[in-house]
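Predicted model only: the values in this text are computed from it and were never measured. Numbers for residues simply follow the sequence, beginning at 1.
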Amino acid sequence: MASRRVTRKWEVFAGRNRFWCDGRLMTAPHPGLKYCFTCKMFRPPRASHCSLCDNCVDRFDHHCPWVGNCVGRRNYRYFYAFVVSLSFLAVWVLACAAAHLALEARGAGLAAALRAAPASALAAAVCFLAVWSVLGLAGFHTYLASTDQTTNEDIKGAFSRRRGADNPYSRGSACANCWHVLCGPTPPSLLDRRAPLRPDLPPPFAAVVLLPPASASAVTPAAPRSHPSHPSPRRP
């Protein structure tokens with residue numbers, strides 16, 4: 001009599017994991033490791049390589065040309081504060097310039113007010129054109145902070161409902177997400193750029209780093225020596 005086949009739990013598992021070797025091994029739906037061939041390192045989750053800065057950025061949000069830097073894990077809160085404060089400043093300047101023009105236009109008309117206060121008219125026009133984009137950017141990043149997403153993840157739709165993928169980094173509420181993203185502890189720098197240079201660097205790298213720029217360009221790494229146990233073949 002043939003034995004009845006036993007159904008294992010991994011065969012009816014409700015998640016999206018993949019199982020191998022009769023359930024002995026479990027991997028994610030995408031088992032590949034995120035390896036950066038430019039930086040020669042395995043990227044942590046939510047990290048991405050910036051082609052402009054030419055390095056990997058932890059919790060990569062986007063590269064902002066207006067601040068001239070990448071926005072990531074350690075400086076996102078400062079970028080958000082900059083955008084929000086800039087939106088408040090644009091609204092304040094627009095309100096003050098419009099109030100000044102309104103006071104100048106009493107009894108004299110708008111044309112006389114524009115001739116009397118051209119600076120206020122110019123400030124009001126510039127702020128009126130810029131306030132919509134700045135307010136929209138501040139609102140968009142408020143949405144990202146409340147859902148604990150990055151611009152890169154939102155554009156790619158990493159946690160969209162159409163894909164059926166929930167955000168594993170969300171803490172369940174907008175307040176908790178904003179507190180963690182904007183007010184949570186700042187992790188230490190992975191570069192530690194102000195630390196003293198270590199003396200145990202490899203010789204070619206140490207020579208390029210320690211020498212002045214004029215002489216560093218003339219330094220080339222030595223050619224690899226052939227191992228004595230494997231002599232090069234002779235030509236006939």
Hey, what do you get for [atom1] ([X]) to [atom2] ([Y]), rounding to the nearest 0.5 Å?
X: Cys127; Y: Leu89; atom1: SG; atom2: CG; value: 7.0 Å
X: Trp10; Y: Leu25; atom1: CH2; atom2: CG; value: 11.0 Å
X: Cys56; Y: Met41; atom1: SG; atom2: CE; value: 5.5 Å
X: His63; Y: Asn152; atom1: NE2; atom2: CG; value: 13.5 Å
X: Ser87; Y: Leu137; atom1: OG; atom2: CG; value: 9.0 Å

Exercise. Picking from Tyr80, Tyr78, Phe79, what satisfies ring-ring contact (aromatic ring centres under 6.0 Å, His included) with His141?
Worked result: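 The single option meeting the ring-ring contact (aromatic ring centres under 6.0 Å, His included) with His141 is Phe79.
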Taking every non-hydrogen atom, the tightest pair across [X] and [Y]:
X: Leu86; Y: Val134; result: C-CG1, 3.9 Å
X: Arg171; Y: Asp148; result: NH1-OD2, 3.0 Å
X: Asp58; Y: Pro45; result: OD1-O, 4.1 Å
X: Cys53; Y: Cys50; result: N-SG, 3.4 Å

Compare all side-chain heavy atoms of [X] with those of [Y] and state whether any distance is below 4.5 angstrom.
X: His180; Y: Tyr169; answer: no
X: Leu144; Y: Thr150; answer: no
X: Asp61; Y: Arg73; answer: no
X: Cys64; Y: Asn69; answer: no
X: Ser170; Y: Thr147; answer: no
X: His49; Y: Val57; answer: no

For this session: State whether a side-chain donor-acceptor pair under 3.5 Å links Ser146 with Asn177.
Result: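 No, because no side-chain N or O of Ser146 sits under 3.5 Å from a partner of the opposite role on Asn177.
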Cluster check [X], [Y]: I/L/V/M/F/W/Y, side chain < 4.5 angstrom:
X: Val181; Y: Val67; result: yes
X: Leu182; Y: Phe88; result: yes
X: Val91; Y: Leu94; result: yes
X: Val71; Y: Tyr143; result: yes

For this session: Tell me whether the guanidinium CZ or amine NZ of Arg59 lies under 6.0 angstrom from the six-membered ring centre of Tyr76 and within 45° of its axis.
Result: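 Yes, a cation-pi geometry holds between Arg59 and Tyr76.
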For this session: Answer yes or no on whether Arg46 is positioned over the face of Phe60, meaning its NZ or CZ is under 6.0 Å from the six-membered ring centre and within 45° of the axis.
Result: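 No.
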Exercise. With no hydrogens and no angle check, is any side-chain donor or acceptor of Asp154 less than 3.5 Å from a backbone partner on Gln149?
Worked result: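 No, because the side chain of Asp154 does not come within donor-acceptor range (under 3.5 Å) of the backbone of Gln149.
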For this session: Indicate yes or no for a side-chain donor-acceptor contact from Asn75 to the backbone of Cys70 under 3.5 Å, with no hydrogens or angles considered.
Result: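 At least one qualifying donor-acceptor pair exists.
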Exercise. So Asn167 and Glu153, side chain to side chain contact (heavy atoms under 4.5 Å, CB included) or not? Walk me through it.
Worked result: CA-CA 10 Å; Asn167 186 0; Glu153 294 169 348; 5.5 Å; no
Kindly list each side-chain donor-acceptor pair under 3.5 angstrom involving residues 97-104, sequence neighbours excluded, with atom names and distances?
residue	atom	partner	partner atom	Å
His100	ND1	Ser120	OG	2.6
His100	NE2	Glu104	OE2	3.4

For this session: Determine whether more than 12 heavy atoms belonging to other residues, nucleotides or ligands lie under 6.0 Å from atom CZ of Phe82.
Result: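 No.
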Exercise. Is Phe140 atom CZ crowded by more than 12 heavy atoms from other residues, nucleotides or ligands, each under 6.0 Å away?
Worked result: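 Check passes, neighbour count above 12.
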